[in-house]
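In listed order, ligands and their atoms are each counted from 1. Computation of the quantities below employed the complete heavy-atom set of this structure, encompassing side-chain atoms and omitting hydrogens, waters and symmetry-equivalent molecules. Residue numbers count from 1 along this sequence.
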Amino acid sequence: MLDTSGRADILSFTTVSHPAPVPADVRSQAIASPRFGTVFTDHMVIIDYDADRGGWHRAQLTPRAPLQLDPATSVLHYAQEIFEGLKAYRHPDGSIALFRPAANAARFNDSARRMAMPELPEALFLDALRRLVEIDREWVQGGDGASLYLRPFMFASEAFLGVRPARQFKFVVIASPAGAYFKSGQAAVKIWVSRDYVRAAPGGTGAAKTGGNYAASLVPQAEGIAEGCDQVVFLDAAQRRWIEELGGMNLFFVFADGSVVTPPLTGTILAGITRDSLLTLLREEGLSVREEPYSINQWRADAMSGHLTETLACGTAAVVSSVGTVLDTEGAFTIGSGSTGQVAHTMREVLTGIQTGRRPDPYGWVMKL
Ligand SMILES: *Cc1c(COP(=O)(O)O)cnc(C)c1O
């Protein structure tokens, strides 16, 4: 049992080490050129929740294995599910660090509240991450763009077909070695403007990190891919006028006069931790950053006039990328030279520098294991 002060040590973990972990040579090969999210480490964390058994109770660190689910398991029918994404980095001194994991813990609970799910004490969330990275530490490689991607998630595990919040949940953490996210690596990305579909509506679940938002983005994403693009940009649901975000990344618009705009968090946009970090880092660079609405028509006009010099897409998986070209049924346009811009390059360097321990961390963002 766990007391309400969030003391995780009250919930002790049962640890079972993998009897046959991936051999070192196979692991090295898998880490060398992983396709995002296809290779996984040897272990996982599972913690059970039961409203009728005092809440969070059984915590296990075990060999990674398939989950066995009753066909009536609630999440399979009504999608009561949330997740997080963050990375573990190998620092030059050999230590391992997480980037702002407490922010992920807080956002996880924001998502939980929106989806009528139980909150997980922050200390328990962090303890779970720490234990998994510790036992699979050989999977955390140093070097250019390399990290171990951590995927904490929670789902309704109660076998019950009625429509109401479940009374049983599972919190799980798995880990996957990561390299550069987009196939094209650091090159500028090509974006498709979704005119027929929206991602999130006012009052909906756009601010929660929940699988359903991604499910809704797959058709427009496929449309974008068919048009030769890497990602989709969504407009606001009410007016189809204001730029919101990509399917899984936030946007920043950089202007020739040294000002920067990013869409405000009005409830339809996911509050990215990379976004929040860039707000600080861009201001540190002397740029004047405003959180305010920016329209698709203004984006095109500013790109064509040259007032807009760069557009940055940011998120944990791909860090910071430049948007080079925007494809839209109402006319395509190119931003700057169509390649990676100076601000994007600098922000990527500074942010990954802090994350990987190559730069000092004056903000207290890095948590050493
Ligand atoms: C996770 C996510 C982001 C990026 O968030 P980070 O914390 O920076 O990784 C942006 N948009 C959506 C829809 C997301 O799910």
Go ahead and list the nitrogen or oxygen contacts between ligand 1 and the protein that come in under 3.5 Å, distances to 0.1 Å, or just say none.
| unit_1 | atom_1 | unit_2 | atom_2 | d |
| --- | --- | --- | --- | --- |
| ligand 1 | 7 (O) | Arg107 | NH1 | 2.8 |
| ligand 1 | 7 (O) | Arg107 | NH2 | 3.1 |
| ligand 1 | 7 (O) | Ile273 | N | 2.8 |
| ligand 1 | 8 (O) | Ile273 | N | 3.3 |
| ligand 1 | 8 (O) | Thr274 | N | 2.9 |
| ligand 1 | 8 (O) | Thr274 | OG1 | 2.6 |
| ligand 1 | 9 (O) | Thr316 | N | 2.9 |
| ligand 1 | 9 (O) | Thr316 | OG1 | 2.6 |
| ligand 1 | 11 (N) | Glu245 | OE1 | 2.5 |
| ligand 1 | 15 (O) | Lys209 | NZ | 2.6 |
| ligand 1 | 15 (O) | Tyr214 | OH | 2.5 |

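- Between Arg131 and Asp127, at least one side-chain N (NZ, or NE/NH1/NH2) sits under 4.0 Å from a carboxylate O, which counts as a salt bridge.
- In summary, the aromatic rings of Phe155 and Tyr49 are positioned with their centroids too far apart to meet the 6.0 Å limit.
- Here Phe333 pairs with Trp299 under the ring pair (Phe, Tyr, Trp, His ring centres under 6.0 Å) rule; sequence neighbours left out.
- With respect to Arg64 and Asp42, no salt bridge is recorded, no charged nitrogen being found less than 4.0 Å from a carboxylate O.
- Ion pairing of Asp236 with Arg241 is absent here, as no side-chain N (NZ or NE/NH1/NH2) approaches a carboxylate O to less than 4.0 Å.
- At a threshold of 4.0 Å, the pair Arg164-Glu158 counts as salt-bridged, since one of the basic side-chain nitrogens sits closer than that to a carboxylate oxygen.
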